[in-house]
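For this chain, numbers begin at 1 and follow the sequence in order.
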Amino acid sequence: MPNKFFSYLNNGIPVVVNQSIDMKRFIEKHQCGIVINKTNPSPADYFKEFYRLHANRKLLRQMSENARQAMRDIYCWEKMEERLAEVYNSLK
């Protein structure tokens with residue numbers, strides 16, 4: 001997945017993405033953005049979803065909190081460091 005994807009989420013910015021399998025799975029699991037159910041959405045499709053977030057501040061705030069929580073509790077470097085250490089230790 002793109003680094004920008006995680007950068008936005010780390011800063012509490014919900015993402016709007018096309019139907020990429022990995023990003024879709026991540027967003028659905030953590031409820032931190034919107035997936036446009038097209039592999040090649042138009043600018044109008046993106047506008048529609050961004051406008052939806054703009055108009056629904058409660059949804060925007062909840063997705064923002066979900067993004068920060070996922071990055072803080074699961075995907076932060078400290079947690080990833082622990083997971084990598086477990087993998088390396090299992091190779092011995």
K.L.:
Would you say Phe47 ends up clustered with Leu53 if hydrophobic residues are merged whenever their side chains have heavy atoms under 4.5 Å apart, either directly or through other cluster members?
P.N.:
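Each belongs to a different hydrophobic cluster.
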
K.L.:
Taking distance alone, no hydrogens or angles, what donor-acceptor pairs closer than 3.5 Å link side-chain atoms of residues 23-38 to residues at least two apart or in another chain?
P.N.:
residue, atom, partner, partner atom, Å
His30, NE2, Tyr75, OH, 3.2
Gln31, NE2, Glu28, O, 2.7
Lys38, NZ, Asp45, OD1, 3.1
Lys38, NZ, Asp45, OD2, 2.9

K.L.:
Tell me, which pairs form a salt bridge (Lys or Arg N to Asp or Glu O under 4.0 Å) where one or both residues lie in residues 58-67, sequence neighbours left out?
P.N.:
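Counting only pairs at least two positions apart or across chains, no salt bridge (Lys or Arg N to Asp or Glu O under 4.0 Å) contact touches residues 58-67.
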
K.L.:
Does some side-chain heavy atom of Leu84 sit less than 4.5 Å from a side-chain heavy atom of Trp77?
P.N.:
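They are in contact (side-chain heavy atoms under 4.5 Å apart), so the answer is yes.
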
K.L.:
To the nearest 0.5 Å, what is the distance between CG on Leu9 and CE on Met71?
P.N.:
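Between atom CG of Leu9 and atom CE of Met71 there are 6.0 Å.
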
K.L.:
Got a sec, which residues hit side chain to side chain donor-acceptor pair (under 3.5 Å) with Arg57, two or more places apart in sequence or on another chain?
P.N.:
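Counting only residues at least two positions away or on another chain, Arg57 forms a side chain to side chain donor-acceptor pair (under 3.5 Å) with His54.
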
K.L.:
How would you list, by chain and number, every residue that makes a side chain to side chain donor-acceptor pair (under 3.5 Å) with Arg52, sequence neighbours excluded?
P.N.:
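Applying side chain to side chain donor-acceptor pair (under 3.5 Å) to Arg52 gives Glu49.
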
K.L.:
Going by side-chain heavy atoms closer than 4.5 Å, which hydrophobic residues are tied to Ile21, directly or by a chain of links?
P.N.:
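ILVMFWY cluster around Ile21 holds nothing else.
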
K.L.:
Check the surroundings of atom OH in Tyr8: do more than 12 heavy atoms from other residues, nucleotides or ligands lie under 6.0 Å from it?
P.N.:
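Open.
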
K.L.:
Which pairs, with at least one residue in residues 5-20 and sequence neighbours excluded, count as a salt bridge (Lys or Arg N to Asp or Glu O under 4.0 Å)?
P.N.:
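Sorted result for residues 5-20: empty, none.
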
K.L.:
Among the clusters formed by ILVMFWY side chains lying less than 4.5 Å apart, do Ile13 and Phe6 turn up in the same one?
P.N.:
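Looking at the clustering, Phe6 is in the same group as Ile13.
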
K.L.:
For Gly12 and Arg68, which heavy atoms make the closest approach, and how far apart are they?
P.N.:
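Here Gly12 and Arg68 meet closest at CA-NE, 3.4 Å.
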
